[in-house]
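What follows is a single structure, written as structure tokens, with notes after it.
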Amino acid sequence: MGALITPVARPQRLHDREAEWDRLVAFVDDPRPGPAVGVVTGPRGHGKSYLLKALAQATGGFYYAGQEAAQAETLRAIARRYAHHAGLPHAPHWSGWPEALRDLAATGGGPAALVVLDGLPDLVRQSPGLPAAVAEVRRRLGTGPDGPSRLRLLLCGSTTPVMSRLLSASAGWVDEVVEVAPLDYRRARELWGVDDAALALRVHAVVGSGAAWRFDPAGDRPPTGPADFDRWVRTGVLDPRLPLFWRAGHLLDRVPDPWDAACHSTVAALATGRTTPGEIADFLDRPATDVPHILSHLEERGLVHGEPDAFQTGLVHYRIVEPLLAFDHAVIRPHRPDLADAGPREIGAFWREMRPVFERDVAGPHFARTCREWAARFAPPGTFAGTPVSALAGCAPRVSGHDPSGHESARVDVVVRGGQGHRPGPLLSIGLTSWADRMDTAHLDRLRGHLAHLAALGEDTGRTRLVCYGAAGFGRGLREAEADGEVVLVSPERLYGEDRRPAGGEG
């Protein structure tokens with residue numbers, strides 16, 4: 001796209017998203033003649049609609065959010081809003097989308113006519129021919145008798161199969177694609193304004209980085225310190241009178257029958273630590289052949305993600321992408337009918353009972369995933385003896401014959417590899433995580449045993465660095481081992497870039 005010709009101020013309330021805002025402004029302000037179509041996509045709850053409403057307001061554009069309705073009702077609703085936006089005495093009558101799009105192309109108060117159609121999956125469900133109409137109108141507006149139109153049409157929708165099909169079929173008529181991805185855990189901390197690092201990890205384990213959750217009533221009084229976390233959960237997350245209590249259920253909307261119930265139960269399996277297709281099949285009591293189909297529905301919606309095992313080719317571990325969905329299915333969903341009319345006293349008793357479940361099934365696995373993200377993306381140079389390419393969990397199989405480690409298998413929480421073409425790269429690091437328990441030399445001994453096990457399997461362990469990731473602190477023995485360069489210790493503060501101590505020698 002060309003250089004900006006109209007400076008457009010970024011809204012102050014728009015947390016982060018500088019890159020996305022600048023790309024969208026450049027799309028609208030591109031001075032080249034002719035219409036252009038852009039697509040904005042990403043998971044629900046991460047600020048797409050807020051971003052586009054702000055863009056339309058700042059540029060004099062037209063914004064409409066689709067909802068479930070028949071096509072005729074939708075066209076009437078858009079026509080009424082269009083008449084108000086354009087100052088027309090009467091709303092036009094449109095018989096179909098081509099006519100509506102041609103009229104909308106004449107709206108807008110800036111150098112280009114910006115039109116935003118949000119909720120695209122809903123619009124396409126009621127009007128399957130909408131994408132073809134967009135492509136045809138775009139072509140016609142580029143060769144009109146009065147010269148090419150300056151329409152800038154933005155189509156927005158959450159991650160769904162509809163959006164995937166649109167993008168795969170739109171070659172030649174979509175000019176820009178902007179993905180509004182979830183914020184990483186560090187930027188999520190800034191969004192929520194949490195100072196304490198361990199508390200920031202707990203908050204992220206509950207609500208993730210969704211801007212919609214931050215500006216939900218649950219975000220009105222975020223926890224002010226570690227001792228305030230329980231109050232925040234009770235009054236902001238578990239209160240059935242507030243929207244956040246129900247929001248996670250909406251993340252699984254639109255899953256087609258007969259798979260909707262199976263999808264909810266699959267998420268419940270993942271939320272309780274069953275990460276492989278075989279474990280999920282056992283939880284569902286369904287044939288293993290059903291599970292890939294269920295997982296594909298969830299993956300198409302950006303709700304779960306599969307990651308290969310660090311050691312066993314062909315083994316995939318699945319995880320829930322949206323933390324709020326994991327919290328809901330581990331803590332709220334099994335008891336939702338009882339909580340739906342609960343008062344403060346009942347909610348308090350419920351949370352006291354469920355707090356250990358949260359720590360074990362939600363916060364602990366979330367901490368391990370955050371440690372892998374740190375290792376892959378945020379570890380300072382020199383932390384490992386090479387540049388990380390992947391950070392995965394893994395379970396190395398038992399060594400046939402003599403096992404020098406004395407273990408049947410090596411279960412490792414964080415396995416960091418470097419790059420080496422299409423083969424597994426060099427083993428840069430293995431690490432264990434502990435959320436609730438203080439780590440000490442017993443954890444280092446386990447890592448040494450795992451290293452011997454992996455060496456017996458043929459892994460090159462000459463440069464492998466041992467790492468303990470601990471949220472509850474480290475004993476004196478580990479601190480001494482760190483000083484001797486035997487182990488790297490990663491605390492919550494270090495995950496957030498606050499601990500500036502050296503990560504250890506090159507070794």
Side-chain angles (χ1 to χ4, degrees), residues 1-42 46-66 78-79 81-88 97-98 100-120 123 130-131 133-144 146-158 163 166-167 170-181 211:
M1 287 292 178
L4 302 186
I5 61 175
T6 305
V8 179
R10 179 174 163 271
Q12 290 185 347
R13 196 183 178 202
L14 186 62
H15 180 80
D16 204 276
R17 304 302 186 194
E18 290 94 343
E20 294 91 339
W21 178 262
D22 289 346
R23 285 183 63 188
L24 290 169
V25 171
F27 172 79
V28 174
D29 275 355
D30 180 14
R32 288 178 292 181
V37 177
V39 173
V40 179
T41 188
H46 291 274
K48 299 183 302 299
S49 295
Y50 182 82
L51 182 71
L52 292 172
K53 288 176 186 176
L55 181 71
Q57 184 175 9
T59 59
F62 175 83
Y63 174 91
Y64 179 80
I78 297 176
R81 181 164 295 190
Y82 166 72
H84 176 76
H85 179 83
L88 302 178
W97 274 106
L101 291 169
R102 285 194 295 270
D103 281 356
L104 290 170
T107 192
L114 171 63
V115 174
V116 179
L117 295 179
D118 201 351
L120 188 69
L123 297 176
L130 176 56
V134 170
E136 176 61 19
V137 169
R138 180 189 182 280
R139 184 186 67 80
R140 288 181 178 273
L141 291 176
T143 58
D146 299 325
S149 165
R150 290 276 287 113
L151 171 68
R152 297 292 179 261
L153 176 61
L154 285 171
L155 307 173
C156 178
S158 299
M163 296 301 293
L166 173 69
L167 291 173
S170 63
W173 59 270
V174 168
D175 304 276
E176 184 83 5
V177 177
V178 176
E179 181 178 3
V180 181

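Since the structure is predicted, the reported quantities are computational estimates derived from the model, not experimental observations. Residue numbers start at 1 and run along the sequence shown.
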Check [X] against [Y] and note the closest heavy-atom contact, atom names and distance.
X	Y	answer
D118	C156	OD1-SG, 3.2 Å
L141	A105	CD1-CB, 3.7 Å
Y63	A56	CB-CB, 4.0 Å
F27	V37	CZ-C, 3.7 Å
P131	L166	CB-CD1, 3.9 Å

Taking the side chain as every heavy atom from C-beta outward, state whether [X] and [Y] have any atom pair closer than 4.5 Å.
X	Y	value
Y50	V180	no
L55	W21	yes
L153	L104	no
V40	E20	no
I78	F62	yes

R138: salt bridge (charged side-chain N to carboxylate O under 4.0 Å, His left out) partners, not counting sequence neighbours
D175
Could you tell me the separation between the CG atom of L52 and the CG atom of L155, rounded to the nearest 0.5 Å?
10.0 Å
What distance separates R150 CZ from L114 CG, expressed to the nearest 0.5 Å?
11.0 Å
Check for a donor-acceptor pair, side chain of T41 on one end and backbone N or O of G157 on the other, with a separation under 3.5 Å.
yes
Keeping the roles fixed (side chain from R152, backbone from V116), state whether a donor-acceptor pair exists under 3.5 Å.
no
side-chain contact (heavy atoms from CB on, under 4.5 Å), that's the test. Do V174 and V134 meet it? Break it down for me.
CA-CA 10 Å; V174 168; V134 170; over 6 Å; no
Strictly below 4.0 Å, N to O, side chains only: are E136 and R139 in salt-bridge contact?
yes
Is there a side-chain contact (heavy atoms from CB on, under 4.5 Å) between L130 and L120? Walk through the geometry before answering.
CA-CA 9 Å; L130 176 56; L120 188 69; 3.8 Å; yes
Take R17 and H46 through the test side-chain contact (heavy atoms from CB on, under 4.5 Å) and record every step on the way to the result.
CA-CA 10 Å; R17 304 302 186 194; H46 291 274; 3.9 Å; yes
Is there a side-chain contact (heavy atoms from CB on, under 4.5 Å) between L154 and V178? Walk through the geometry before answering.
CA-CA 10 Å; L154 285 171; V178 176; over 6 Å; no
